[in-house]
Amino acid sequence: MTTLEALTVGRVGVDLYPEQSGVPLAGVSTFAKSLGGTATNVAVAAARLGRSTSVLTKVGPDGFGDYVRQALREFGVSSDHVGTSAGLQTPVVFCELNPPSDPPLLFYRAPIAPDLTLGEADVPWDVVETVPLLWVTGTGVSVEPARGTQREMLRRRGRRSHTVLDLDFRPMFWPDTATAREEIGWMLDHVTVAVGNRAEAEVAVGTGDPDEAASRMLARGVGLAVIKKGAEGVLVATTEGRWTVPPQRVDVVCGLGAGDGFGGALIHGLLSGWDPVRIAAYANAAGALVASRLACADAMPTADEIEELL
């Protein structure tokens, strides 16, 4: 039996990608189906790099829920902690490859997504308390009952290494930015690693300046702050110092999923005990490779592909 190395918690869905690029959604004639959702894609990305991963989430009692479990297993991710919410539907997400670098998303998650109905009875508490790496997300505290459940997970975890917060801010899931800042900010006091882009950092700590945002995260006890700066690379900061890793240049096919590929590689680097600069360079390359491909989970790179790009 393989020992679980990383448990990710949160969003899952079925992504429907246009097979025609550069046209509005109304002009798309065919779509391709792919596994999606931040926490889910991160687990897939880490599994692609040889890590033993599982995702704690919920789906609906429908064919798309069956597809999620099947796809996870095919990607080498344990589906043991995928629950079912009766009366709800597995979310689907449409994207429009126009522009390809930052595709607009259309979420179907009403009246509430199953993954946001996670309750304490759904949680494998022994795993949460002992797994080498726990990955939580900002979206996971956008509403109850998932908010209270994820908070309790962090309390019981006790800031054990590695406890990672993916800032993962999507405005459509929140009533306002102030609420998001309060809830995501609470989690910063309970994690060892925080990762996000400039816009997400501004929501979490009140500034989009990467250096100042990193300083505010470190001041709250975070051991490693990772701020993605897009075309300017990635800032990594610890109490010992801070470094900026330059970007990887690729031809962008679809910007979706790049952050999740980054996240899976971050998990691999943390579990490998690498230094922050090596982790950031590796994760940056993984994200760039995903951006050069269509789809999210299916696009996650292998270790050989990352090393070749580096």
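The residues of the chain are indexed from 1 along the displayed sequence.
In this structure, Pro91 and Ala113 approach most closely via the heavy-atom pair CG-CB, 4.0 Å. The heavy-atom pair separating Ala286 from Gly261 by the smallest distance is CB-O, 3.6 Å. The minimum heavy-atom distance between Leu16 and Val92, with the atom names listed, is CD1-CB, 4.5 Å. Taking every heavy atom of both residues into account, Ser54 and Ser78 meet most closely at OG-O, 3.2 Å. In this structure, Ala214 and Arg242 approach most closely via the heavy-atom pair CB-NH1, 4.0 Å. For the residue pair Ala204 and Arg181, the shortest heavy atom distance occurs at O-CG, 3.8 Å.
Taking 4.0 Å as the cut-off between side-chain N and carboxylate O, Lys33 and Asp15 do not count as a salt-bridged pair. A salt bridge is defined here as a Lys NZ or Arg NE, NH1 or NH2 lying under 4.0 Å from an Asp or Glu carboxylate O, and Glu152 with Arg157 fails to meet this definition. With salt bridges taken as basic N to acidic carboxylate O contacts below 4.0 Å, one links Arg151 and Glu183. Under the 4.0 Å criterion applied to side-chain N and carboxylate O atoms, Asp115 and Arg109 are assigned as salt-bridge partners.
Taken to the nearest 0.5 Å, the CD atom of Glu5 stands 4.5 Å off from the CZ atom of Arg51. A distance of 13.0 Å separates CG in Leu289 from CZ in Phe262, rounded to the nearest 0.5 Å. Note that CD1 of Ile306 and CD of Gln248 are 10.5 Å apart. Values are rounded to the nearest 0.5 Å. In this structure, CE on Met153 lies 10.0 Å from OG1 on Thr163, to the nearest 0.5 angstrom. Taken from CD in Glu120 to OG1 in Thr149, the straight-line distance is 5.5 Å, to the nearest 0.5 Å. With rounding to the nearest 0.5 Å, the separation of NE2 in His268 from OG1 in Thr53 is 13.0 Å.
Checking Asp80, Leu72, Val42, Val12 one by one against Val55, the side-chain contact (heavy atoms from CB on, under 4.5 Å) holds for a single residue, Leu72.
Here the two rings, on Phe31 and Tyr17, have centers that are 6.0 Å apart or farther.
Without hydrogens or angle criteria, Thr179 side chain to Pro175 main chain gives no donor-acceptor distance under 3.5 Å. Between the side chain of Asp122 and the backbone N or O of Gly119, at least one donor-acceptor pair lies under 3.5 Å. The closest donor-acceptor contact from the side chain of Arg69 to the backbone of Ser79 lies at 3.5 Å or more, if one exists at all. Distance alone, capped at 3.5 Å, places no donor-acceptor pair between the Glu96 side chain and the Pro24 backbone. Under the 3.5 Å distance criterion, the side-chain polar atoms of Glu200 are matched with a main-chain donor or acceptor of Asn197. With hydrogens and angles disregarded, no donor-acceptor distance shorter than 3.5 Å links the side chain of Arg156 to the backbone of Glu129. The main-chain N or O of Thr302 is found under 3.5 Å from a side-chain atom of Glu305 such that the two form a donor-acceptor pair.
Criterion: ILVMFWY side-chain heavy atoms under 4.5 Å apart, direct or through other members. Under it, Val234 and Val164 are part of a common hydrophobic cluster. Under the 4.5 Å side-chain contact rule for hydrophobic residues, Val9 and Ile267 do not share a cluster. Linking Ile, Leu, Val, Met, Phe, Trp and Tyr whenever their side-chain heavy atoms come within less than 4.5 Å leaves Met217 and Val226 in two separate clusters. A chain of hydrophobic side-chain contacts below 4.5 Å, direct or via other Ile, Leu, Val, Met, Phe, Trp or Tyr residues, connects Val191 to Trp125. Connection of Val131 to Leu165 is established within a shared hydrophobic cluster, with ILVMFWY side chains joined at heavy-atom distances below 4.5 Å, either directly or through further cluster members.
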Problem set entry | Pair Val195-Leu167, side-chain contact (heavy atoms from CB on, under 4.5 Å): steps then yes or no | CA-CA 6 Å; Val195 55; Leu167 299 177; over 6 Å; no

For this session: Go through Thr30 and Gln20 one step at a time and tell me if the side chain to side chain donor-acceptor pair (under 3.5 Å) criterion holds.
Result: CA-CA 7 Å; Thr30 55; Gln20 295 78 43; 2.9 Å; yes

Exercise. Where do Arg198 and Glu232 land on the salt bridge (Lys or Arg N to Asp or Glu O under 4.0 Å) test, with the steps shown first?
Worked result: CA-CA 11 Å; Arg198 278 186 280 211; Glu232 296 172 35; 3.5 Å; yes

For this session: List the steps, then state whether side-chain contact (heavy atoms from CB on, under 4.5 Å) holds for Ile112 with Thr117.
Result: CA-CA 8 Å; Ile112 186 174; Thr117 68; 4.0 Å; yes

Exercise. For Val14 and Leu35, what are the C-alpha separation, side-chain angles and deciding distance, and is it a side-chain contact (heavy atoms from CB on, under 4.5 Å)?
Worked result: CA-CA 5 Å; Val14 177; Leu35 186 65; 5.9 Å; no

Exercise. Could you go step by step and tell me if Leu105 and Arg170 meet the side-chain contact (heavy atoms from CB on, under 4.5 Å) rule?
Worked result: CA-CA 10 Å; Leu105 295 173; Arg170 294 195 178 275; 3.5 Å; yes

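Between Val23 and Val28 the shortest side-chain heavy-atom distance falls below 4.5 Å. Side-chain atoms of Leu118 and Gln150, non-hydrogen and from C-beta on, never get closer than 4.5 Å to each other. Residues Pro124 and Asp126 have side chains in contact (heavy-atom distance under 4.5 Å, counting atoms from C-beta outward). The shortest side-chain heavy-atom distance between Leu270 and Leu224 falls under the 4.5 Å cut-off. With a 4.5 Å cut-off on side-chain heavy atoms, Cys95 and Leu106 do not count as touching. Using a 4.5 Å heavy-atom threshold, the side chains of Glu212 and Thr207 count as touching. Counting heavy atoms from C-beta on, the side chains of Asp62 and Tyr67 never come closer than 4.5 Å. Using a 4.5 Å cut-off on side-chain heavy atoms (C-beta onward), Glu307 and Tyr282 make contact.
Phe173 does not carry Arg11 over the face of its six-membered ring by the limits of under 6.0 Å from the centre and within 45° of the normal.
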Return a table of donor-acceptor pairs under 3.5 angstrom between the side chains of residues 132-146 and protein atoms on other chains or two or more places apart.
| from | atom 1 | to | atom 2 | distance (Å) |
| --- | --- | --- | --- | --- |
| Thr137 | OG1 | Gly140 | N | 3.2 |
| Thr139 | OG1 | Asp168 | O | 3.1 |
| Thr139 | OG1 | Asp168 | OD2 | 2.6 |
| Ser142 | OG | Thr139 | O | 2.8 |
| Glu144 | OE1 | Gly148 | N | 2.9 |

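Judged by distance alone, the side chains of Ser272 and Arg278 never bring a donor and an acceptor atom under 3.5 Å apart. Checked by atom type, the side-chain pair His190/Arg159 shows no donor-acceptor distance below 3.5 Å.
Note: Phe94 and Tyr108 have perpendicular aromatic rings, judged against thresholds of 30 and 60 degrees for the angle between ring planes.
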